[in-house]
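Here's the structure we're looking at; comments come further down.
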Amino acid sequence: MSVTRTRYAPSPTGDPHVGNVRSALFAWLFARSTGGVFAVRIEDTDQERRIPGSEERILNSLRWLGIEWDEGPDIGGPYGPYVQSQRLEGYGEAAERLVELDAAYYCYCTTERLDAIRAAQQKRNVPTGYDRRCRNLSAEEREQEEAENGSHRVVRFKTPLSGRTTFNDVIRGDVSWENRLIDDFVILKSDRFPTYHLANVVDDVAMAITHVIRGDEWMSSAPRHAMIYEAFGYTPPAFAHLPLILGSDRTKLSKRHGSVSLLDYRDEGFLPEAMLNFLALLGWSLDDKTTQMTREELIAGFSLDRVSASPAMFDREKLEWLNGVYIREMPPEAFVEAARLYLDNGLPPEIPRPLDDGLARQAAMLTQDRARLLSEMPELCEFFFTDEISFPPALIWAGMGDKAMKRMADAGDDLWRVPLPEDAEVVRAWLTAAANAIEKIEPWNHESIETRFRALVEELGTSGRKLFGAVRIAATGRTAAPPLFVTLEAIGRDRSAARTRAAAASLLDTELARS
RNA sequence: GGCGCGUUCGUCUAGUGGCCAAGGACACCGCCCUCUCAAGGCGGAGAUCACGGGUUCGAAUCCCGUACGCGCUACCA
């Protein structure tokens, strides 16, 4: 058997859509797994909907995921050019040929007339479609139309009036339509640009595409394509219509479901490996338990007959989990580098740039296994960098495990307005003792900090949970943070001491304010 | 309205006639670990396999019908 050739044929009419990119991924995986060729072809036949920059963004999303193409608009290839607006003559000729073959005809009907018949059909509740007026024009009529309206003629395909058109879908098996239900669709528009149906077939033939792998929304167009192949006398390629990707309301994923552009996910800090892995699992699976797969494993394991026929909902929750898995697996150095960008951009502007390298490094390493998204890093790491941290003194009790206080904190209540518990004076003494201890710890590393703090717990007759919890809030302002001793080490002795002292003082102030 | 496709835990899925009183993963709940949060370990709850008929010794798996959902129904792709 000859080499398999697949293609991804996006229209530059917007940002790279998750669903489209998933189609690209499957076409690419199929090509790679069969040792075939994967091409990208830009289908810019709709001049009105064209959006500048869209083509580059689509290509970039593929590059980001590591889906590399063998032939395409930027690198060319043996069947170029790979942009439809540069192949216009071919479509015109193809349309002419179909007319000569008596498989197509010129239509002079105006948009107004077309709209009117459609409206009438809808009103009568009958199937919409062109009424074939121009299909049966006499020679004289045609001449007259040509003279009067020749400038805005289109070419329509002469759909057989009876019979059935059947094609075999790799994923769904034989699918067949009654020809009489398919109208005479336009193949060449009045601006001499082809419609998708013509351009797609002409190019797939020209580019020797063996497998058309595309989204399920194309299913209903497939019989038209099959007819065009047949009219030309070409053997059609294999078709594989991929299950749709759905939003949370079970309709086709679109903008109103939130982020739908791959680039948005990239900017949010999803890792390309995670995204690739996740997308591959939308409508395909290797077996009953494998979920995590590298690019190579995907290629090795992919096959079209394991593609599901039913649509799949886009589950962001699962994507985030998978991303977290990939983040945790990153070599620390790589993660530090990746996180650095998000820290630079996302940390409050009052923190001086460039960021302290050592601190950024430590902060990133300490939060690596807590992040699901790179974009969470600034929030996760902020307290490492700020000079002053601010928090309601009552939060200290939440940190010490006080259930009621914790509940209020979690509920987002204003803890500034909550009166301090009776033991505020005791806690203040602990914090003061901790601050004093911190100033004397030598050497300044997490081992000696821990040793000293464990001893302090004994001296104060309290528990680690309470003391460490109180100091955690003092040093970070958070109830959730990396382990205390490494955190203090990273923050540094001076800051740790100052923050702990400030926390103690805040309890005093509040006491005074209350009395 | 017409046509097409689809229908297994909330979600992604495994399952291609007996191994399934349906397995895995996310999410959820609990326990363990533990200075908090994560991570990790262990366990739990969660699907009468859309429904109804067949075929068969035997059906989630094959056939028919029904329902529901989605997609398409442009000189858009």
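Proteins come first, then strands; the chains are lettered A, B, ... in the order of their sequence lines, and each starts at number 1.
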Mind calculating the distance between [atom1] ([X]) and [atom2] ([N]) to the nearest angstrom?
{"X": "Trp218(A)", "N": "rC70(B)", "atom1": "CH2", "atom2": "C1'", "value": "17 Å"}
{"X": "Tyr196(A)", "N": "rU73(B)", "atom1": "OH", "atom2": "C1'", "value": "16 Å"}
{"X": "Lys318(A)", "N": "rU11(B)", "atom1": "NZ", "atom2": "P", "value": "13 Å"}
{"X": "Trp177(A)", "N": "rG2(B)", "atom1": "CH2", "atom2": "P", "value": "16 Å"}
{"X": "Asp305(A)", "N": "rU16(B)", "atom1": "CG", "atom2": "P", "value": "14 Å"}
{"X": "Asp169(A)", "N": "rC72(B)", "atom1": "CG", "atom2": "P", "value": "16 Å"}
{"X": "Ile187(A)", "N": "rA77(B)", "atom1": "CD1", "atom2": "P", "value": "13 Å"}
{"X": "Ile245(A)", "N": "rC70(B)", "atom1": "CD1", "atom2": "C1'", "value": "14 Å"}

What's the closest nucleotide to the [X] side chain, out of [options]?
{"X": "Glu317(A)", "options": "rA27(B), rC12(B), rG71(B)", "result": "rA27(B)"}
{"X": "Met219(A)", "options": "rC5(B), rA77(B), rC12(B)", "result": "rC5(B)"}
{"X": "Pro127(A)", "options": "rC26(B), rG6(B), rG1(B)", "result": "rG1(B)"}
{"X": "Asp288(A)", "options": "rC5(B), rA14(B), rA77(B)", "result": "rA14(B)"}
{"X": "Arg49(A)", "options": "rC76(B), rG15(B), rG6(B)", "result": "rC76(B)"}
{"X": "Glu217(A)", "options": "rG24(B), rA27(B), rG71(B)", "result": "rG71(B)"}

So, under a plain 3.5 Å distance rule, would you say the side chain of Ser220(A) forms a donor-acceptor pair with the base of rC3(B)?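 When only heavy-atom distances are counted, Ser220(A) does not reach the base of rC3(B) through any donor-acceptor pair under 3.5 Å.
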For [X], answer base if it contacts any base atom (sugar-phosphate contacts may also be present), sugar-phosphate if it contacts only those atoms, and nothing otherwise; contact means non-hydrogen atoms under 4.0 Å.
{"X": "Arg214(A)", "value": "nothing"}
{"X": "Pro12(A)", "value": "nothing"}
{"X": "Arg118(A)", "value": "sugar-phosphate"}
{"X": "Thr45(A)", "value": "sugar-phosphate"}
{"X": "Val154(A)", "value": "base"}
{"X": "His152(A)", "value": "base"}
{"X": "Ser190(A)", "value": "base"}
{"X": "Arg156(A)", "value": "sugar-phosphate"}
{"X": "Gly215(A)", "value": "nothing"}
{"X": "Lys289(A)", "value": "sugar-phosphate"}

Residues in side-chain contact (heavy atoms from CB on, under 4.5 Å) with Glu89(A), at least two apart?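 Partners of Glu89(A) under the side-chain contact (heavy atoms from CB on, under 4.5 Å) test: Glu93(A).
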Is it true that [X] and [Y] have ring centroids separated by less than 6.0 Å?
{"X": "Phe185(A)", "Y": "Tyr130(A)", "value": "no"}
{"X": "Tyr91(A)", "Y": "Tyr196(A)", "value": "no"}
{"X": "Phe26(A)", "Y": "Trp284(A)", "value": "no"}
{"X": "Tyr105(A)", "Y": "Phe157(A)", "value": "no"}
{"X": "Tyr326(A)", "Y": "Phe335(A)", "value": "no"}

Please determine whether a side-chain nitrogen or oxygen atom of [X] lies at a distance below 4.0 Å from atom OP1 or OP2 of [N].
{"X": "Lys189(A)", "N": "rA74(B)", "answer": "no"}
{"X": "Arg250(A)", "N": "rC12(B)", "answer": "yes"}
{"X": "Lys123(A)", "N": "rG1(B)", "answer": "no"}
{"X": "Thr128(A)", "N": "rA74(B)", "answer": "yes"}

Let me confirm one number: the CZ-OG distance from Arg316(A) to Ser259(A), rounded to the nearest 0.5 Å.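 Answer for the CZ-OG pair, Arg316(A) versus Ser259(A), is 6.0 Å.
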Enter the distance from Leu488(A):CG to Thr500(A):OG1 here, rounded to the nearest 0.5 Å.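 Interatomic distance, Leu488(A) CG to Thr500(A) OG1, rounded to 0.5 Å: 7.0 Å.
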Protein-to-nucleotide contact annotation, 5' to 3' order, nucleotides 31-46 of chain B [B base; S sugar-phosphate only; - none; under 4.0 Å, heavy atom]: ----BBBBSS------
Between Leu281(A) and Asn125(A), which is nearer to the 5' end of RNA chain B once each is assigned its nearest nucleotide?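 Its nearest nucleotide lies further toward 5', so the answer is Asn125(A).
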Which residue lies toward the 5' end of RNA chain B, Ser11(A) or Arg164(A), if each is placed at its nearest nucleotide?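 Its nearest nucleotide being more 5', the pick is Arg164(A).
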Taking only residues at least two apart or on different chains, which pairs with a member in residues 111-121 of chain A satisfy salt bridge (Lys or Arg N to Asp or Glu O under 4.0 Å)?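 Non-adjacent pairs meeting salt bridge (Lys or Arg N to Asp or Glu O under 4.0 Å): Arg113(A)-Asp131(A), Asp115(A)-Arg118(A).
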